[in-house]
Amino acid sequence: MTKKKTKGKSKTLQETIIEVCLKRGIVFPTAEIYGGSAGFFELGPVGEALRQNMIDLWRDTFIKSEDNVYEISGSTILPEKVFEASGHLDSFNDPLTQCQNCKSMYRVDHLILEQVGIKVEGQSLDDMWKVIQDNRIKCPNCKHDLSPPKQFNMMFSTNIGSTSGNIGYLRPETAQNIFLSFRRVSHSMRAKLPFGIAQIGRAYRNEISPRNFLVRLRELQQMELEMFVDPDLLNSHPRWDDFQDTEINFLSQEAQEKGDKATFITIKEGIDSGLIVNQYLGYFLAMETGFIESLGIKKGKFFFRHLLDHETAHYSKANYDLEIEFPFGVVECVGLAYRTDYDLRKHQEKSKTKLHISEDGKKIIPHVVEPSFGVDRLIYAILLASYREGDRDWTWFDFPNSLAPWEVVVAPLQRKDGLPEGARELFWELKDQGIDAIYDQTGQIGKRYARSDEIGIPLVITYDYDSLEDDTVTLRERNSMKQVRIPIQDVGTIIREFMLDIVSWDEMTKEFGEFIKNSK
RNA sequence: GCAUCAGUAGUGAAAUGGUUAUCACUCGUGCUUCCCAAGCACGCGAUCCGGGUUCGAUUCCCGGCUGGUGCACCA
């Protein structure tokens, strides 16, 4: 953690980002006019544009570029049986006890295991209370008496319909819908292993203590993919040759125990040494690396942490968290879990519905490899990674072009002499061409450049007096603050090529020459 | 959930048990042929919520909400 807030002194990066978010309509607290509600945030126009652009990028990468991944959209409220089967009802119900004196809270089962070595996980509260009393377990902190254990449920519950007793829960992860609709999707798509089902949507967790802006939320958004694979073929990924040499930044369990840093390894090295459990996990480690880089986050700034055994969820046989480094600490943004056949088996048992795939006369319950992305945390990570300050009087976001909230601002140099009319005409022309433009004629031109930079719009077109004469406009680029003068009829094409990274800004200035204002 | 600090225009700050709560920037309108938050004029805009003490509370007290930090928690 860095620095303190003391009047007029330096602010943390987090405080700075939050300030810009409020000011520029990126993110703000839910129900703010009523004092807000912890753990909930709303995206403003700029934040929502970022979110949509990131989701598009994810869909392109993890669904559209694959030959057999199908996207669904499931309900956010699910009946209780689902979570009895999935294990969330047991595992999500943490039994807690509190010290009567110092008020410290403890997970009862963890405390008992640690103090007297007895495993009580899954036992009733009364039984656990008995173990505490029989063994005279006291508060490890101050040695005083503990309270009887209480359940704390991390899932939001509700009643379905008018009768009580039909309990539903807001899903704590999007993944369960995928297992529930597995049979329908695999049949309707006539899917053959390996195939994937993806979902982008909201999930809910009643966190005890929401913290750190968009990091720990009670309502969150996920982009999840469940890849279903024949368990005998987990080490026969069809594209092995394409990704085996991809380098990833990896923090092994052993390195964590020694306190070492993450190091770069290739996927092949990871597989050969057993650090990466199978090729499908390796594939997604490589894919996740590429995706995060495309968000403008540098390869050395994030790493995969192989979770320690006690941190690994009840359903998972191996878990790799993608953690991104920032001045105040790391933000965990993506998980990669090897869920094996846990979920399908549990749902098969509970629902009495066959959840296998028939192939070559064999009945296979596929194993599941699950990359799971936290949308909100990634938005935060993008903001942090793109935030810039320096050679100008305002701050800006250096978003990758594909994430920018708008592609271009169209601005008349002044609000008179026919300039607004000309600029307006160009603005509508660009819209017709499918360019995501926004019009701004308020205030002086420099102020409009600043505002545009501040929400990370890469380009500004200025329609000036010369435009009236010769049908050219200036095009300004955010990062260099340099301009070129280009013919109006080519503007749409030029913007498109720049936004798709077909033509770089350097190439553009070479072709058109840098425009210097003819002062006075 | 515990402890602790904090909450004043959009943002950042100032002040006060008593007339109309101050300032900067932002924002809006106008002027200035004006290409990187220039200048001038005018304008909009705030004491987190509830209760108590008091003739009077933004200020003092209590409770809540929200945020920072530490602990705990994070399937």
Side-chain angles (χ1 to χ4, degrees), chain A residues 1 3-8 11-12 14-16 18-25 28-40 83 86-94 96-99 101-107 110-111 121 140-141 147 150 152-155 172-173 205-213 215-218 311-316 319 328 332 337 391-396 411-417 419 442-454 460-466 468 473-474 476 478 480-483 485 515-520:
Chain A
M1 299 290 155
K3 57 200 115 160
K4 282 280 75 155
K5 181 181 173 178
T6 31
K7 314 209 163 188
K11 269 180 251 169
T12 64
Q14 174 161 289
E15 286 167 328
T16 308
I18 291 173
E19 211 176 296
V20 182
C21 282
L22 293 172
K23 191 172 158 196
R24 291 295 172 209
F28 34 78
T30 290
E32 194 181 5
I33 60 171
Y34 290 105
S37 185
F40 298 92
F83 301 109
S86 70
H88 285 92
L89 213 50
D90 294 333
S91 318
F92 236 61
N93 260 329
D94 288 344
L96 297 180
T97 182
Q98 187 172 33
C99 171
N101 179 51
C102 72
K103 308 295 182 194
S104 299
M105 301 285 289
Y106 303 96
R107 263 290 284 270
H110 289 181
L111 184 69
E121 208 180 325
N141 184 32
S147 71
K150 282 185 301 196
F152 182 78
N153 194 336
M154 293 278 288
M155 284 195 289
E173 58 173 7
R205 303 173 184 193
N206 201 0
E207 295 287 352
I208 296 171
S209 171
R211 282 287 163 88
N212 288 72
F213 195 40
V215 174
R216 202 184 310 168
L217 299 175
R218 292 190 167 127
E311 295 176 306
T312 306
H314 66 274
Y315 52 71
S316 178
N319 226 308
F328 57 84
E332 313 137 46
D391 63 350
R392 53 194 99 167
D393 293 336
W394 54 93
T395 69
W396 72 104
L413 182 63
Q414 287 187 55
R415 208 198 308 202
K416 59 181 187 181
D417 300 332
L419 299 181
T442 328
Q444 294 182 59
I445 192 67
K447 187 166 285 189
R448 283 175 269 163
Y449 292 147
R451 275 199 298 250
S452 169
D453 288 353
E454 210 167 13
V460 183
I461 287 170
T462 308
Y463 191 99
D464 61 12
Y465 287 95
D466 289 342
L468 293 168
V473 288
T474 64
R476 170 192 182 271
R478 175 192 65 212
S480 62
M481 296 198 292
K482 299 257 172 70
Q483 289 177 293
R485 180 168 279 280
F515 168 76
I516 313 283
K517 62 160 183 168
N518 37 353
S519 50
K520 288 290 121 64

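Each chain gets a letter, A, B and so on, in the order its sequence line appears, and its residues count up from 1.
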Item checked: A/Ser209, nearest nucleotide to its side chain (from B/G68, B/C35, B/G1) -> B/G1
Notebook entry, point to check: Among the nucleotides B/A75, B/C36, B/C2, which one has an atom lying closest to any side-chain atom of A/Trp394?
Noted result: B/C36
Checklist line | Candidates B/U33, B/U69, B/C73 - which lies nearest the side chain of A/Asn212 | finding: B/U69
Checklist line | Phosphate OP1/OP2 of B/C34: any A/Arg415 side-chain N/O under 4.0 Å | finding: no
Next item on the list: Identify whether any heavy atom of A/Arg24 sits under 4.0 Å from a base atom; if not, whether one sits that close to sugar-phosphate; answer base, sugar-phosphate or nothing.
Entry: base
Notebook entry, point to check: A/Glu207 or A/Lys482: which one's nearest nucleotide on RNA chain B is closer to the 5' end?
Noted result: A/Lys482
Note to self: Side chains of A/Gln483 and A/Tyr449 only: does a donor on one sit below 3.5 Å from an acceptor on the other?
What the structure shows: yes
Notebook entry, point to check: Looking across every strand, which nucleic acid part, if any, lies under 4.0 Å from A/Arg476 by heavy atom: base, sugar-phosphate, or nothing?
Noted result: base
Margin query: Could you tell me how far B/C49 sits from B/G7 if I compare only their C1' atoms? Round to whole Å.
Written below: 12 Å
Next item on the list: Just name whichever nucleotide pairs with B/G18, Watson-Crick or G-U, keeping both distances under 3.5 Å, else none.
Entry: B/C55
Checklist line | Distance-only donor-acceptor test (3.5 Å): side chain A/Glu454, base B/A37 | finding: yes
Margin query: Side chain of A/Lys447, heavy atoms from C-beta onward: which of B/C74, B/C35, B/C27 has the nearest atom to it?
Written below: B/C27
Check: Which part of the nucleic acid, if any, lies within contact of A/Asp453, taking any heavy atom under 4.0 Å across all strands shown: a base, the sugar-phosphate backbone alone, or nothing?
Finding: nothing
Next item on the list: Would you kindly check whether a donor in the side chain of A/Arg216 faces an acceptor in the base of B/C73, or vice versa, at under 3.5 angstrom?
Entry: yes
Margin query: Checking contacts here: which listed nucleotide (B/A75, B/C73, B/A37) is nearest the side-chain heavy atoms of A/Ala450?
Written below: B/A37
Item checked: From B/C34, B/A37, B/U66, nucleotide with atom closest to A/Ser37 side chain -> B/U66
Check: Just checking A/Thr442: base, sugar-phosphate only, or nothing, at a heavy-atom cut-off of under 4.0 Å?
Finding: sugar-phosphate
Checklist line | Base partner of B/G30, which must satisfy Watson-Crick or wobble distances under 3.5 Å | finding: B/C40
Checklist line | Identified pairing partner of B/U47, criterion: Watson-Crick or G-U wobble below 3.5 Å | finding: none
Next item on the list: Counting heavy atoms from C-beta on, name the nucleotide in B/C35, B/G28, B/C74 closest to the side chain of A/Arg451.
Entry: B/G28
Note to self: Base, sugar-phosphate or nothing for A/Gln414? Non-hydrogen atoms, less than 4.0 Å.
What the structure shows: base
Notebook entry, point to check: Considering only side-chain heavy atoms of A/Tyr449, which listed nucleotide, B/C36, B/G1, B/G39, is closest?
Noted result: B/C36
Margin query: Just to be sure I understand the rule, does A/Arg448 reach a base, reach only the sugar-phosphate, or reach nothing, if contact means heavy atoms closer than 4.0 Å?
Written below: nothing
Notebook entry, point to check: What nucleotide among B/U66, B/U11, B/C35 has an atom nearest to a side-chain atom of A/Leu22?
Noted result: B/U11
Item checked: For B/A75, the Watson-Crick or wobble counterpart (both distances under 3.5 Å) -> none
Next item on the list: Under a 3.5 Å limit for both distances, which nucleotide forms a Watson-Crick or G-U wobble pair with B/G70, could you say?
Entry: B/C2
Checklist line | B/U11 pairs with, by Watson-Crick or G-U criteria that keep both distances under 3.5 Å | finding: B/A24
Next item on the list: Just call it for A/Glu32: base, sugar-phosphate, or nothing, with non-hydrogen atoms closer than 4.0 Å on any strand.
Entry: nothing
Margin query: Which nucleotide wins on minimum distance to the side chain of A/Glu173, given the candidates B/A75, B/C27, B/C35?
Written below: B/A75
